[in-house]
Amino acid sequence: MAQLKMYWFTDSPLEELNLPEGYSFSHFSEETRENDIKIWNDASSIDPMDPADYEARFKREIYDFVDIVPERDVWFLDHNGKHVGTSSSFIWGNTGYGDMHWVGIIPEYRGKGLAKYLSYIVQKTLKERGCPFVSLTTDEFRPAAVRSYLKAGFVPVEYDEGMVERWEKVLEFNGIDSVQMVYEDGSPYKTIYRTGLKK
């Protein structure tokens, strides 16, 4: 089943978010490679992973993307100098389209509302780099993530069979009455409503 896709249009206002005390942003570094890859995996994985798989997964999801430069595009959210979350921002080839990739928080820091800062730094960075919109993919089984993206101004994309019905259920689960949906080229599709308000 295809993942849910969402877009945020960079001509939208972006409210400045100030990090809580003790928090800061940093980038992936070859100097701290082993630790960075470990935390990246711990933050972006839903289930615990075998450390033996860390390097291969990072290669597959980061290094194998020709458009990602880890030292520029892989972000970490740090608390008192310790990585506690990650996200990635990159531009797809010569399309100019931005992408938010692998947003996650390490288990012991989840539930603190920190993911919004990782979304923010990606949105801010790609807006400054001139992208017309930022895309991401996610899944229904990550309701907190979907809710945070909707709050950050991302909208659903109609690009595969059954997307409208799936999004109606997502809106119902999150108690959101309606949202604008767009086509894959970014043009408006229609307003969709949560299941209980279908017209």
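Being a predicted model, the structure only gives us computed values, none of them experimental.
- Using a 4.5 Å cut-off between side-chain heavy atoms of Ile, Leu, Val, Met, Phe, Trp and Tyr, M1 forms no hydrophobic cluster with any other residue.
- A distance of 6.0 Å or more separates the ring centres of Y7 and Y183.
- Under the 6.0 Å distance and 45° angle rule, R60 does not count as a cation-pi partner of W102.
- Between H27 and F76, the ring centre distance reaches or exceeds 6.0 Å.
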What verdict does the side-chain contact (heavy atoms from CB on, under 4.5 Å) test give for I91 and Y97, after you've listed the backbone C-alpha separation in whole Å, the side-chain angles of each residue and the deciding distance to 0.1 Å? CA-CA 5 Å; I91 297 173; Y97 301 154; 5.9 Å; no
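- When only modelled atom types and interatomic distance are considered, S89 and D73 share no side-chain donor-acceptor pair under 3.5 Å.
- Under a 4.0 Å N-O distance rule, the pair R194/E168 does not qualify as a salt bridge.
- K82 has no carboxylate O lying under 4.0 Å from a charged side-chain N of D78, or vice versa, which leaves the two without a salt bridge.
- Looking at K169 and E172, no side-chain N of the basic residue comes within less than 4.0 Å of a carboxylate O on the acidic one, giving no salt bridge.
- Ionic pairing of K124 and E15 is not present here: no N-O contact between side-chain nitrogen and carboxylate oxygen is shorter than 4.0 angstrom.
- T137 and Q3 are linked by a side-chain donor-acceptor pair at a separation below 3.5 angstrom, with hydrogens and angles left out of the test.
- Residue E61 holds its CD atom at 5.5 Å from NE2 of H101, rounded to the nearest 0.5 Å.
- To the nearest 0.5 angstrom, T138 atom OG1 is 6.5 Å from L4 atom CG.
- Checked by atom type, the side-chain pair D42/Y54 shows a donor-acceptor distance below 3.5 Å.
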Residues Y117, Y23; criterion ring-ring contact (aromatic ring centres under 6.0 Å, His included); working and verdict: CA-CA 10 Å; Y117 299 106; Y23 286 86; 7.3 Å; no
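- Side chain to side chain, D36 and T32 meet the donor-acceptor criterion of an N or O pair below 3.5 Å.
- A donor-acceptor contact shorter than 3.5 Å links the side chain of D185 to the backbone of S187.
- Ionic pairing of E158 and K5 is not present here: no N-O contact between side-chain nitrogen and carboxylate oxygen is shorter than 4.0 angstrom.
- Between W8 and F133, the ring center distance fails the sub-6.0 Å criterion.
- A donor-acceptor pair is defined here as one N or O able to donate and one able to accept, closer than 3.5 Å; such a pair exists between the side chain of T95 and the backbone of W92.
- For the pair F173 and P143, the minimum side-chain heavy-atom distance is below 4.5 Å.
- In the hydrophobic clustering of this structure, I176 does not group with Y193; members are Ile, Leu, Val, Met, Phe, Trp, Tyr whose side-chain heavy atoms approach within less than 4.5 Å, directly or through other members.
- Interatomic distance, M49 CE to R57 CZ, rounded to the nearest 0.5 Å: 5.5 Å.
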